[in-house]
Structures are given as C-alpha cells and as structure tokens.
Amino acid sequence: MKKRYDIIIIGGGASGLLLLANICNKVTRPTSIAMINTGHPIARGIAYSTSNENHLLNVRVSRMSAFTDDTNHFTNWILSKQQYSEYHSDSLGECFVPRKMYGHYLDELYHSIISDQSKNIDFNFIDDVVIDLKKSENTFTVLLKKSEAIEGVKAVLCTGNQPPITLPGLSSLKNSDRIFINPWDEKAVENINQDEPVFIIGAGLTMVDTAISLIDQGFKNKIIVLSKHGAIPMPHPNERVAVPHSDIVPPSDLHKIFSNLKARIRSAIDNTEWHEPVLEAVRPYTQKIWQELSIEEKNRFMRHINHRWSKLRHRLPHQVYDFIQALIDKNQIELYAGKLISVEENQDGLTVEFFNKESNSIIKKEAQRIINCIGPEGDFSKVENPLINNMLASGMIANDALSLGFNATGDGKIINKQGEIVENLFTIGSGLRGILWESTAIPEIRVQANQMAAKVLA
Ligand SMILES: Cc1cc2nc3c(=O)[nH]c(=O)nc-3n(C[C@H](O)[C@H](O)[C@H](O)COP(=O)(O)OP(=O)(O)OC[C@H]3O[C@@H](n4cnc5c(N)ncnc54)[C@H](O)[C@@H]3O)c2cc1C
C-alpha cells in the first residue's frame, strides 16, 4: 500500500520551508506532511546555498523574516547568535547580510521543525526527484525516481526557479564544456584559467554574483559582459529613505502607470536623490496592478519597460554596487549593450561575435568560457524537470499567457491546460511570476506561504 499524506510539498527550497513552517504554526489537528526535494540543499535552495560570504542578500534584514506575523524573527535570530556579533547593532535591520547567513537561518528553522514535531504533525522528508503527479478522484499519486510512489490529498508545487537549458539562439553549442548554461551550477566558476577572459551574458544580479565569485578566487583577467541594455542594477541607498505617504492609486492602464511613476521617481530623486521611496510605496500594489493589466499591456511592459523596472527594482546593496562599478571603472569588467551573434569553439577557446549598440558595430572577443546569466527559464516547454515536463504533457499544468511560469489563480490554485482549476493542487513562489509579477523574493513568498498554509489545512 502506498503511504498516504494529507499534504505533499514538492520542492524543499525557501518556499517549501516557509510553507512547512507556517503549516506547523497553524496546525490544530493531526496532519501528515511529506516534503520531497532534490538538487539543492534542503531549506537553502538555489539562493541560500552559496558559501561565498560576499554574496549578500539584496533585501534588508528587517524584511527577511520567515513569518509575516513575526517580522523581527530573522533580526532576533541574528541577535541571538554570538557568531554574528559583528552585525549586532541598532542598524541591523537596515543591513544586507550574507545569503549564507540566511541559509543558516533557514536550515536552523527546518531542523527546529523536525526536532520539535508537535503531536499534530507527522512529517517525512524524502530525498528524491518527483517525476510525475497523477490525479484520481480525491488523491494525487506522486511518482518518484528512486523510491516508491506516495499519495496525497493536497499538493503544493514549490519547485522554484527553473534553470535555463540553452543559450538563446545557440542551442547547437549546448554540449560544449566551455558553455555554462546554468549559472547556479558551481562548475560555472570552477577551474578558471587566469590567462583568458570570461564572457558573461546578462548584466543583472546573477552576473554580479558570478563576477564576485570570479574575483574572489583571484581572477585578474577581463570579464566581458553583454546584455540587451548594458546596464547593471541600481544600488540601494546606504540607509533606507523614508517612504512618503503613499497617494499612488494605481490606475489599471500601463501608459498612465508608467508616466505617473516616471514623474514621481523624478521628483523623489530631486528631493532625496533616491527612487527607492517610490518603488517601496508601489510595491504593495504591484501584484494588483499586474493582475489588472491586459495581456497586451503585460506584453508591452515586457518589451519596453521591464528592463528599466528590473534595474530599479532589483537593486544591489551599495557596497556590492560600488565593488562592481569599480571593476567597470578600471575596465576589468567590459560592459556592452547589444546582441549575441555567434560563438565558435576552437582548440584554444571560444570566439564570441556580438553586435555592440553603442558603436553600432560587430565586435569579436576571445574567451575561455561563456556563463549564461540571463536568468531562470519560465517557459515550461524549455525546461529539463521531469515533473514539469510530464505534467505539461498530461495537461495538468500549463504555462501562463506570458510563459513566465504556471497558469494559476492569484492565490496559487493551479489551472490546467483546459483552463480549469485543479482541485487541491497549488503553487507558491517564482512559478507565479506571470500571474503576480512580484513573486520571487522572501517578502512576497512569506505572505503566500502564510495564506497557503491556511488553505491546505482547511
Ligand atoms: C541567486 C539568487 C539570489 C537571491 N537573493 C534573494 C535575496 O537576497 N532576497 C530575497 O528575498 N530573494 C532572493 N532571491 C529570490 C529567491 O528566489 C527566493 O528568495 C527563494 O530562495 C526561492 O525559493 P524556492 O524554494 O521557491 O526555489 P528554489 O530555491 O529554486 O528551491 C526549489 C527546490 O525544489 C527542488 N525541485 C524542483 N523540482 C523538483 C522535483 N521535480 N523533484 C524534487 N525536487 C524538485 C529544487 O531542486 C530546489 O531544491 C534570490 C534568488 C536567487 C536565484
């Protein structure tokens, strides 16, 4: 007989853990839970398993608590740890601490849950790959790669970011060992040769992580960075700027929102030199605004505004920004805006050809490797995750209209290929990006985890 659980959590990164922790806080009757995870360390997931002390959180300590109803939980945890005493100060909440420290926090939270299971929770962690999910009547059957299938009444997909599997336009070079399609694979920055440049595609937060990893191992050669717009993310202010009383009533018209925000950002920059207050004031409304936009407007946003939004919204801690800017100033990072044209592999390395917008010319560069930092893959037809592949094929899941993740309702109920809600199948986290837009960072995930916990316990 297959073991049967009340709740099955698929994916054990930060989203899966926050959901588990919120369930444990709310549970009032005996409940059995299975969590299945593979690939990345339990609780830490992709983001918080880095061992590099210079990979910092890009969200301030005060906003990184695992719980919406205990917003000082992370701050107090740091204060309780002697090993982090260098961070103990009145301004701790405003700091950007190492992601490794946040991983430690999540890890401890996970272990506190499993060592302190109340009599109401019967928890089982399964280290395995979920390869498919089948539904019959009121039961999900979860097929696993190594172990026997299990059954569940409710299932939550916490499968996180899907790594890309090809370099856009260059699928033929997929198998070259000089091309690192998945930037979160540690091999991408291992065995670096000091004598030749490294070529990075993408100039966002993942590029910044990668450049830091290269420099931290003493890499002195060039880091050539190519992105569509050739701009790195903006910095956070040193200290948080007060958020003005928000009278931003979001109209559901992209043009009006854009001009409204542009004017406000200009005036905020005039007054405080920072755009942060405006973005902070808008953030609580972002999901609502996004859901009210038409598909055409969402597509227009993706084509024309997304790069500006991302540059402002996904900011860097100022010390990280200064570090990267210094590398650009001394020309160790060569930053180009343009488009990749071709990559040729020869005995000595790669010849990369790209169009450079600024000089309006084609440039050729030699490099030892390419690291793809353009971000996760949202189009499920292009990912290599057996669960996603099989569920897509069976029609139990479908891409949202923009192919950024799952088709689902705003509160995380999965919608199948036929456009129907799949009863008792849910998701939280970055898979909801197409539906909510703002759905990848802890401040959003913890809200979803809190609400989803209530839903799966109902
Ligand atoms: C490099 C990086 C830095 C970030 N920094 C910050 C930050 O500073 N602050 C912030 O708020 N947010 C940050 N984020 C956002 C981040 O996405 C979330 O904070 C959070 O880590 C997402 O967790 P997750 O569990 O949804 O996804 P993941 O961490 O991707 O975890 C998903 C887990 O599910 C597993 N899984 C997937 N499919 C299967 C399957 N079929 N079978 C079994 N297991 C499966 C995966 O292997 C993985 O272990 C960062 C993201 C990245 C990538």
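What's counted below: heavy atoms across the whole structure, side chains too, no hydrogens, waters or symmetry copies. Order of appearance sets the numbers: ligands from 1, and atoms from 1 within every ligand. The residues of the chain are indexed from 1 along the displayed sequence.
Counting the atoms of ligand 1 from 1 in the order shown, those under 4.0 Å from a heavy atom of G11 are 34 (O), 35 (C). Less than 4.0 angstrom separates some heavy atom of G45 from each of these atoms of ligand 1: 29 (O). Heavy-atom contacts of P443 reach the following atoms of ligand 1: 11 (O) (cutoff under 4.0 Å). Heavy-atom contacts of L57 reach the following atoms of ligand 1: 8 (O) (cutoff under 4.0 Å). Close approach to C158 involves these atoms of ligand 1, each under 4.0 Å from a residue heavy atom: 32 (C), 34 (O). Applying the 4.0 Å criterion to heavy atoms of A47 picks out, from ligand 1, the atoms 2 (C), 3 (C), 4 (C), 21 (O), 50 (C), 51 (C), 52 (C).
Nearest approach of S439 to L432, heavy atoms of both residues: OG-CB, 3.5 Å. Between F219 and N193 the shortest heavy-atom distance is CE1-O, 3.5 Å.
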Quiz: residues 7-27 side-chain donor-acceptor pairs under 3.5 angstrom, not counting sequence neighbours:
residue : atom : partner : partner atom : Å
N22     : ND2  : L18     : O            : 2.7
K26     : NZ   : N450    : OD1          : 2.5

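Ion pair K81/E108 flagged as a salt bridge, since at least one NZ, NE, NH1 or NH2 atom sits closer than 4.0 Å to an Asp/Glu carboxylate oxygen.
In this structure, the protein non-hydrogen atom closest to atom 37 (C) of ligand 1 is T159 O, 3.6 Å. Protein heavy atom closest to atom 5 (N) of ligand 1, with residue, atom name and distance, is R99 CD, 3.6 Å. The protein atom (non-hydrogen) at minimum distance from atom 22 (C) of ligand 1 is I445 CD1, 3.9 Å. Among all non-hydrogen protein atoms, the one lying nearest atom 49 (O) of ligand 1 is N37 OD1, 2.7 Å. Annotation: atom 46 (C) of ligand 1 to nearest protein heavy atom, T38 O, 3.5 Å. Nearest to atom 26 (O) of ligand 1 among the protein's heavy atoms is S15 OG, 2.5 Å. Nearest to atom 27 (O) of ligand 1 among the protein's heavy atoms is G160 CA, 3.2 Å. Here the protein heavy atom with the shortest distance to atom 13 (C) of ligand 1 is Y48 OH, 3.2 Å.
Only the backbone of T440 comes within contact range of ligand 1, with a heavy atom under 4.0 Å; no side-chain atom does. Within the 4.0 Å heavy-atom criterion, neither part of H55 lies near ligand 1. Proximity of N385 to ligand 1, defined as any heavy-atom pair under 4.0 Å, is confined to the side chain (atoms from C-beta onward).
Ligand 1 is approached by M64 to a heavy-atom distance shorter than 4.0 Å. Under the 4.0 angstrom criterion for non-hydrogen atoms, D128 is in contact with ligand 1. Under the 4.0 angstrom criterion for non-hydrogen atoms, F96 is not in contact with ligand 1. Contact between P386 and ligand 1 is absent, with no heavy atom of the residue lying under 4.0 Å from the ligand. Proximity of W184 to ligand 1 is established by a heavy-atom distance of less than 4.0 Å. Within the 4.0 Å heavy-atom shell around ligand 1 one does not find G429.
Of the possible donor and acceptor atoms, none in the side chain of T71 sits under 3.5 Å from a partner among the backbone N and O of T68. S91 places no side-chain N or O within 3.5 Å of a backbone atom of E94 that could act as its donor or acceptor partner. In this structure a side-chain-to-backbone donor-acceptor pair under 3.5 Å is present from S32 to D6. The backbone N or O of H40 sits less than 3.5 Å from a side-chain atom of N37, completing a donor-acceptor pair. K339 contributes no side-chain N or O that, together with a main-chain N or O of L226, makes up a donor-acceptor pair within less than 3.5 Å. A donor-acceptor contact shorter than 3.5 Å links the side chain of D128 to the backbone of S147.
Residue H73 holds its NE2 atom at 5.0 Å from CZ of F67, rounded to the nearest 0.5 Å. Atom-to-atom distance recorded for R178:CZ and I371:CD1 is 12.5 Å, nearest 0.5 angstrom.
Pairs passing the salt bridge (charged side-chain N to carboxylate O under 4.0 Å, His left out) check and including a residue from residues 32-47, sequence neighbours excluded, read R44-D107.
For ligand 1, the polar-atom distance check against G39 finds no nitrogen or oxygen pair separated by under 3.5 Å. Where the criterion is an N or O separation shorter than 3.5 Å, residue side chain and backbone included, N58 meets it with respect to ligand 1.
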Practice item. Could you walk me through whether T139 and R4 pass the side-chain hydrogen bond (donor to acceptor under 3.5 Å, both in side chains) test, one step at a time? Key: CA-CA 9 Å; T139 303; R4 188 179 166 89; 2.8 Å; yes
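Remark: among candidates G431, G103, S430, A14, the nearest residue to atom 20 (C) of ligand 1 is A14, based on non-hydrogen atoms.
With F426 as the aromatic partner, K413 does not meet the cation-pi criteria of under 6.0 angstrom to the ring centre and within 45 degrees of the ring axis.
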